[in-house]
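Working notes, structure below.
The chain is numbered in sequence order, starting from 1. When a ligand or atom number is given, it counts from 1 through the structure's own listing order. Remember, predicted model here, so these are calculated numbers, not experimental data. All values below come from the heavy atoms of this structure, side chains included, with hydrogens, waters and symmetry mates left out.
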Amino acid sequence: KLLQSSKTAILAGMVLAGGITAAMAQTTLTVTHSSPADSHFGLAAAAFKKVAEEKSGGTINVVIQRMDNEREALESVQFGSQECAMGSAGPLGNFVAETRVLDVPFLFDSYDHARGVLDSDVGSELLALFPARGLYGVAWLENGFRNLTTGNKTVNSPEDLRGMKIRTMENQVHMQAWQAAGVLPTPMAFSELPSALQQGTVDGQENPIPVILSNNLDMMQKHLYLTRHVYSPGIFVCNPDFIAGLTEEQKAAVEEGGKAASSANRARVEQDETAGIETLRTRGIEVVEVADRDAYRQAMASANAAFETQFGADLIKRIRDWK
Ligand code: PAF
């Protein structure tokens with residue numbers, strides 16, 4: 001409430017149909033996102049701004065800001081020092097532990113599969129857990145299927161990865177899976193990645209095509225292996241007290257804006273997965289279509305028993321079997 005009243009301004013001079021001038025309260029909603037403006041998250045934020053401002057009749061003013069540290073962005077939303085944030089769901093499990101089930105490697109076969117699950121009861125049931133953890137989940141977004149990149153070292157099979165230092169997100173499930181494959185996972189915030197790659201602190205990293213492309217990671221890496229080993233969801237969250245303080249019209253505008261953000265985000269991921277891979281090839285990174293993805297699935301498989309204990313074999317099966 002405090003957050004909202006401090007950010008509510010009086011927008012004077014609104015001209016009503018009859019020509020009468022009225023004073024209207026305008027609420028500022030700052031949303032941060034973790035990639036450049038021309039990226040899957042940047043476009044999602046822009047689509048949200050357009051729709052939320054329009055549908056709220058101009059009573060919401062959306063301010064878009066870039067903030068690369070996704071864990072800090074979620075903390076700020078939870079604390080109430082910023083209203084909303086968009087980004088990958090990488091650090092989300094530190095806030096809503098149950099969402100970590102979505103990070104299990106080779107859980108989803110395709111974008112249709114992942115989107116279908118997030119749009120189904122499974123996605124809604126997970127979003128329903130957010131308010132008790134100080135967050136309001138507006139919409140699932142997506143970051144994309146993650147792929148491995150390396151600098152000087154080449155990877156012909158998962159065996160070659162043994163002992164390599166690979167930067168991962170600060171995500172326990174990803175780290176457990178890489179450990180199972182004999183990798184030394186090196187978690188760090190994305191903002192620290194360029195210097196870690198340049199200084200050789202890590203041998204490689206893994207990220208979806210939209211991230212590799214929009215952040216020019218190909219300039220720092222020589223090989224891109226299309227391992228698609230794990231789907232990386234995205235999330236759009238707001239502060240629950242902020243949402244509770246909105247009018248019904250404003251709440252509906254935020255929800256509509258969330259849907260627009262999700263569509264824009266998915267459309268851009270799709271474009272990057274086709275044209276974007278070609279762009280990367282042209283820019284000079286070696287792009288390797290991994291014929292034996294199953295070898296990576298097998299290499300990480302010894303972590304599966306722990307995932308079943310952690311998240312429940314039934315839920316994992318429900319997600320895998322989604323049609
Ligand atoms: O690797 C990450 O940390 C995430 O994929 C990123 C790049 C922050 C998503 O925007």
Side-chain angles (χ1 to χ4, degrees), residues 31-46 48 64-77 84-95 99-100 102-105 108 111 114 139-151 165-175 177-178 183 185-198 201-221 224-237 261-262 264-266 268-269 271-273 276 280:
V31 57
T32 60
H33 67 86
S34 58
S35 275
D38 185 19
S39 74
H40 58 320
F41 290 136
L43 295 184
F48 171 71
I64 301 174
Q65 280 173 11
R66 174 128 181 227
M67 183 164 173
D68 282 359
N69 192 319
E70 295 179 328
R71 186 177 40 78
E72 281 177 14
L74 291 176
E75 277 164 9
S76 301
V77 172
C84 304
M86 290 180 184
S88 88
L92 184 64
N94 299 325
F95 300 78
T99 61
R100 288 194 180 123
L102 302 170
D103 299 319
V104 170
F108 299 107
Y111 279 103
W140 287 108
L141 303 176
E142 80 186 0
N143 198 22
F145 278 94
R146 301 180 80 85
N147 302 290
L148 176 72
T149 69
T150 56
K165 278 189 168 175
I166 302 293
R167 178 269 171 180
T168 66
M169 292 195 286
E170 295 167 291
N171 179 302
Q172 286 176 15
V173 173
H174 290 190
M175 288 164 63
W178 283 114
V183 165
T186 312
M188 67 182 76
F190 186 69
S191 49
E192 293 165 28
L193 178 61
S195 59
L197 289 176
Q198 271 149 5
T201 320
V202 290
D203 299 304
Q205 65 90 45
E206 43 90 62
N207 248 306
I209 299 296
V211 173
I212 296 171
L213 198 60
S214 61
N215 291 281
N216 301 320
L217 293 183
D218 54 305
M219 302 293 163
M220 300 162 215
Q221 295 284 268
L224 163 60
Y225 301 96
L226 298 177
T227 46
R228 301 186 174 103
H229 51 275
V230 66
Y231 176 78
S232 175
I235 189 67
F236 175 17
V237 289
S262 181
N265 163 255
R266 287 177 177 183
R268 180 53 182 263
V269 170
Q271 184 189 320
D272 287 350
E273 284 285 359
L280 286 169

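Considering only heavy atoms from C-beta on, Trp140 comes within 4.5 Å of Thr99 through its side chain.
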Residues 186-195, side-chain donor-acceptor partners within the protein, below 3.5 Å, at least two apart:
{"from": "Thr186", "atom 1": "OG1", "to": "Leu184", "atom 2": "O", "distance (Å)": "3.2"}
{"from": "Ser195", "atom 1": "OG", "to": "Glu192", "atom 2": "O", "distance (Å)": "3.3"}

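In this structure a side-chain-to-backbone donor-acceptor pair under 3.5 Å is present from Asn215 to Val211.
Side chains of Gln205 and Thr149: a donor-acceptor N/O pair is present below 3.5 angstrom, by distance only. Under the 3.5 Å distance criterion, with hydrogens and angles disregarded, no donor-acceptor pair is assigned to the side chains of Glu142 and Tyr111.
Around ligand 1, the residues contributing at least one heavy atom under 4.0 Å from the ligand are Ser34, Ser35, Phe41, Glu70, Ser88, Asn143, Arg146, Arg167, Met169, Phe190, Asn207, Val211.
Atom OG of Ser232 sits about 11.0 Å away from atom CZ of Phe108, to the nearest 0.5 Å.
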